[in-house]
There are 2 protein chains.
Amino acid sequence: MTDSSPTPSAVNALPAKQQQLIQTAFALFYRDSIHGVGINQILQEAGIAKKTLYHHFASKDELVLAVLAYRDEVFFNWLEQRIRSASSTEDTVQHWFAALDDWFHNRVAELQEFRGCFFMHSAAEFTDPAHPVHQHCAQHKTRLSGMLSKHLGQWLDSRKAKKLADDLGLLKEGAIVCAQVQGNKKAARQAALIAQSLLISAH
Amino acid sequence: MTDSSPTPSAVNALPAKQQQLIQTAFALFYRDSIHGVGINQILQEAGIAKKTLYHHFASKDELVLAVLAYRDEVFFNWLEQRIRSASSTEDTVQHWFAALDDWFHNRVAELQEFRGCFFMHSAAEFTDPAHPVHQHCAQHKTRLSGMLSKHLGQWLDSRKAKKLADDLGLLKEGAIVCAQVQGNKKAARQAALIAQSLLISAH
DNA sequence: AACAAAATAGACCGATCGGTCTACCTTAAG
DNA sequence: CTTAAGGTAGACCGATCGGTCTATTTTGTT
């Protein structure tokens with residue numbers, strides 16, 4: 001496919017219908033899982049014709065990957081913004097779990113109603129580590145950890161920053177699961193306390 | 001492993017086919033998710049007729065619930081056994097994460113090849129907290145936490161025991177997710193170190 | 001006005017979904 | 001032997017699956 005018209009500026013502005021499909025698909029996938037939602041359901045919900053979907057995406061699999069990329073971007077940007085203003089290691093930890101707490105209590109509009117981690121869920125539906133979906137999920141978490149690690153690098157040497165970032169990542173996953181499966185909305189605060197003891201004993 | 005004891009007539013014990021269906025269904029659900037596996041696939045894999053399935057279970061939903069109960073029992077019994085011999089709070093924590101470490105490294109035959117927490121995955125497929133499947137998943141984790149808390153009660157007062165059990169539960173979930181999504185098999189040891197700092201700072 | 005890309009509705013395809021049903025075979029207890 | 005329950009194979013049901021296709025209309029550029 002050759003695009004004859006020169007596009008000087010950013011390409012990241014996707015066609016409107018494509019965005020609408022991705023957002024609708026995400027909402028449905030997030031609620032009922034990927035395998036649990038059919039193409040026709042997405043089309044009906046979005047009010048978009050089937051031909052249009054297959055004009056933008058070669059298959060359901062490609063739509064799924066686009067949805068993962070979309071959620072990755074939204075979530076990453078949100079969380080990065082939340083810890084950006086932190087002014088110390090301790091402050092970053094506070095911000096990290098305060099953000100999760102807001103998410104669990106549905107105080108973050110752009111993340112939709114909390115239903116756990118979409119990437120966790122998707123990786124569970126595609127257990128083969130070589131599958132593109134699974135790899136995308138792993139990448140998301142690696143990317144988050146890297147972002148946090150880099151941020152902590154302002155006050156810690158890189159080895160300690162990476163280790164703490166890994167630990168905060170593990171605590172984040174644990175909190176998300178507890179919040180989602182058992183409805184324990186206080187899980188973010190619980191994880192924050194655990195992280196506190198981590199900082200104390202690291203002295 | 002299957003028992004090859006010479007009991008030709010006793011092999012036809014009543015629940016044999018039912019058990020076989022449940023075990024086959026679990027293996028498939030665990031690998032490809034519940035919504036991703038059809039009835040016919042289960043029947044073909046198990047070598048059992050469709051009529052037999054619907055003789056034992058009223059619907060796929062009921063089979064799913066039976067599979068959850070089966071996994072719940074296997075997992076609970078295994079983990080309880082693993083911490084039963086612990087002789088102190090610290091020892092229990094060691095046993096707890098050593099068990100997870102064995103699981104992640106596929107050293108526990110009865111749990112099948114590690115693919116994360118089946119209840120976590122199932123709760124993600126049925127996000128409605130009122131759905132029987134979701135409730136069963138929540139119950140599983142509550143039951144595990146209760147078991148651990150009771151065990152820790154040997155050396156701690158009940159309030160501290162419950163709090164520590166909750167924290168160990170959160171760390172367990174976090175480790176499972178890291179091990180499954182990112183393939184980080186060292187997550188159990190990582191979580192164990194976090195738990196260590198928890199015990200130290202609790203003094 | 002002309003034209004191409006984008007989008008529309010919806011019929012249609014073979015395959016599979018969960019589930020029902022008929023008909024026959026095997027087994028154990030009375 | 002009789003009988004009833006558990007099991008077999010597999011045809012069959014309407015619905016939905018992911019995906020293709022025809023025919024038509026909308027839209028933006030030139």
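First the proteins, then the strands, lettered A, B, ... as listed; each starts at 1.
- The two residues K141(A) and E173(A) have their closest heavy-atom pair at NZ-OE2, 3.1 Å.
- Protein atom NE2 of H55(B) is 15 Å distant from nucleotide atom C1' of dC25(C), rounded to whole Å.
- Here the closest heavy-atom approach between residue E113(A) and residue Y30(A) is recorded as O-CE2, 3.3 Å.
- In this structure, NZ of K51(B) is placed 12 Å from C1' of dG10(D), rounded to the nearest angstrom.
- Atom-to-atom distance recorded for L193(A):CG and D166(B):CG is 12.0 Å, nearest 0.5 angstrom.
- For the OP1/OP2 pair of dG7(D) and a distance below 4.0 Å, the side-chain nitrogens and oxygens of H56(B) include at least one atom meeting the criterion.
- Within the 6.0 Å centre-distance limit, the rings of F75(A) and H140(A) are counted as a close aromatic pair.
- OP1 or OP2 of dT8(C) sits under 4.0 Å from a side-chain N or O of T52(A).
- Distance check, rounded to the nearest 0.5 Å: OG of S145(B) to CE of M147(B) gives 9.5 Å.
- Here the closest non-hydrogen pair linking C137(B) and L68(B) is SG-CD2, 4.3 Å.
- Going from atom CG of L21(B) over to atom C1' of dT8(D) covers 13 Å, rounded to whole Å.
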Quiz item: Tell me, for nucleotides 13-19 of chain C in 5' to 3' order, what letter each nucleotide earns: B for a base near a protein heavy atom under 4.0 Å, S for only sugar-phosphate near one, - for neither?
Solution: ----SSB
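- Atoms CG (L53(A)) and C1' (dA7(C)) sit 12 Å apart, rounded to a whole Å.
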